[in-house]
There are 2 protein chains.
Amino acid sequence: MYTLAEENYLKAIYKLSLIAENVSTNQIAAELATKASSVTDMLRKLAEKLLINYTRYQGVSLTQAGEKVAVNIIRRHRLWEYFLVEKLHFKWDEVHEMAEEMEHISSNELIDRLDEFMGFPSRDPHGDPIPDSKGNFKKNDLKPISSVDVNACGIISGVRDHSSAFLQYLEKQGLIIGKKITVKEIITYDSAVILQMDSKDLQISRDVANNLLIAL
Amino acid sequence: MYTLAEENYLKAIYKLSLIAENVSTNQIAAELATKASSVTDMLRKLAEKLLINYTRYQGVSLTQAGEKVAVNIIRRHRLWEYFLVEKLHFKWDEVHEMAEEMEHISSNELIDRLDEFMGFPSRDPHGDPIPDSKGNFKKNDLKPISSVDVNACGIISGVRDHSSAFLQYLEKQGLIIGKKITVKEIITYDSAVILQMDSKDLQISRDVANNLLIAL
DNA sequence: TAATATTTTTAGACTTGTCTAAAAATACAA
DNA sequence: TTGTATTTTTAGACAAGTCTAAAAATATTA
């Protein structure tokens, strides 16, 4: 249906669109670790196929068709991650690269059966919601710890950084999905955050607080 | 590790090697539905990577390294087919194309865990043996029905043609893996074969008898 | 608002894998 | 064994996706 490169571009544009409506060539280049000139070439092709809205120098956004394709890729990615963790017992920091390959397996029938096989999970191992077969899913209402007030209390529910370095750090600190935490103090000097978890105090940096999401 | 095209060539050469030691350019071209000139180009590349033994005009064979890669692809293919049939409940005639895509997922750790998850199956849904993680597997000792004598008796255990047309035909006739059959008569005129199965007689054509394998 | 900096696009080239058409090598047959 | 048919390779071209270098457009700032 779509080439590997096309799918990766659509996914990148979708991801960047969550932050700001309009996505720039350079942002896409950075996201895909490629050059701006390569991006421009691909944007012309995607626009021709009516998957993006594109005017030279003006940035891009996904069309409805493009968004549908992107959401479907995300559905596949998250279902395979769930499979790898729940059925094959991989750790949550080991599955991203594998799922990056598996998300391009084209059969939707396969994905629907996989979904059913696993009991229609609603979130992947990193707490991200899994779109259903029609593409519906709740937008993430999770907040980075860096954005909540002192004394706020919530459940660790997701991450913004999926790198294994970050996930391994969290694991080591016991900061795993489902844990209940309370924000005890925010250090003015460097925006570090002191959390209470399991009746113990734990300090995390601003970067970590930015990338760790909680449900209030 | 290897490109999609390289993997497909190695798999094709492996498959053809089972029939005759040395494989010709035209055979490969036919197997991959491509042109002989394209095959020649790829053969040069595979030879350079020491995956095949190749001298111009003399046909090719796999090196040990090449065979190892090919067997690994076959392992992945057959394990995914088993997964699709046993876990996702696809029919045996529906899984080939999906497995053709899935066999290129590169992680061996993934495949080993999948193997374990399914209890280390020894044969795929079409009766073909599944290599273990070291690449060991029993060569098929199954025989086409067309090659056995009258009064021979055996268990339907495999197929040589994996097309859904053929598999659907077998399904319809009840000729599925595990069934016990007896060869009652071979018609001299057209080599058709009359089988006995479940105390009933059933006639199959020479083509079918050629592609349906039994364990004696 | 004019000069400078940044971003984006264009132009031209490269790689992988494919193709057609023609040449070279091998196989077959008289 | 010589001529013909077949197979295989070479030569040159093309599409997809990428790159570098340079040009064009946009944004910033003095």
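A note on names: the letters A, B, ... follow the listed sequences, proteins ahead of strands, and every chain is numbered from 1.
The footprint of chain A on DNA chain C, defined by a heavy-atom cutoff below 4.0 Å, extends from C/dT7 to C/dT10.
Among residues at least two apart or in separate chains, side-chain hydrogen bond (donor to acceptor under 3.5 Å, both in side chains) pairs with a member in residues 204-216 of chain B are B/S146-B/N210. Sorted by first and then second residue, the pairs that involve residues 10-20 of chain B and meet side-chain hydrogen bond (donor to acceptor under 3.5 Å, both in side chains), not counting sequence neighbours, are B/K11-B/E100, B/K11-B/E103, B/K15-B/E31.
To the nearest 0.5 angstrom, B/M118 atom CE is 9.0 Å from A/L88 atom CG.
The 12-atom threshold is not exceeded at NZ of B/K143, counting heavy atoms of other residues, nucleotides or ligands nearer than 6.0 Å.
Distance A/E7 CD to D/dA16 P: 16 Å, rounded to the nearest Å. Here D/dC14 presents its P atom at 16 Å from CG of B/D41, a figure rounded to the nearest Å. The nearest whole Å value for the distance from the OH atom in A/Y2 to the P atom in D/dA16 is 16 Å. Between the CG atom of A/L46 and the P atom of D/dA16 there is a distance of 13 Å, rounded to whole Å. Between the CG atom of A/L43 and the C1' atom of D/dG17 there is a distance of 13 Å, rounded to whole Å.
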Atom pairs and distances, donor-acceptor, side-chain atoms in residues 42-57 of chain B, under 3.5 Å, two or more places apart:
{"unit_1": "B/R44", "atom_1": "NH2", "unit_2": "B/D41", "atom_2": "OD1", "d": "3.3"}
{"unit_1": "B/K49", "atom_1": "NZ", "unit_2": "B/E6", "atom_2": "OE2", "d": "2.5"}
{"unit_1": "B/N53", "atom_1": "OD1", "unit_2": "B/S61", "atom_2": "OG", "d": "3.2"}

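Of the residues in residues 51-58 of chain A, those placing a heavy atom less than 4.0 Å from an atom of DNA chain D are A/Y57, A/Q58, in numerical order. Non-hydrogen atoms lying under 4.0 Å from DNA chain C are contributed by A/S24, A/T25, A/N26, all within residues 19-26 of chain A.
Between the side chains of B/S163 and B/D161, at least one donor N or O lies within less than 3.5 Å of an accepting N or O.
B/P121 has its side chain within reach of B/L79: a pair of non-hydrogen atoms, C-beta onward, lies under 4.5 Å apart. Using a 4.5 Å heavy-atom threshold, the side chains of B/D149 and B/V183 count as separate. Side-chain contact between A/D112 and A/R75: present, with at least one pair of heavy atoms (C-beta onward) separated by less than 4.5 Å.
Relative orientation of the B/H162 and B/H96 rings is tilted, given thresholds of 30° and 60° on the angle between their planes. Aromatic ring orientation, B/F83 versus B/W80: perpendicular (interplanar angle above 60°, classes split at 30° and 60°).
Along DNA chain C, the nucleotide nearest to A/S37 and the one nearest to B/S38 differ in position, and the one closer to the 5' end is contacted by A/S37.
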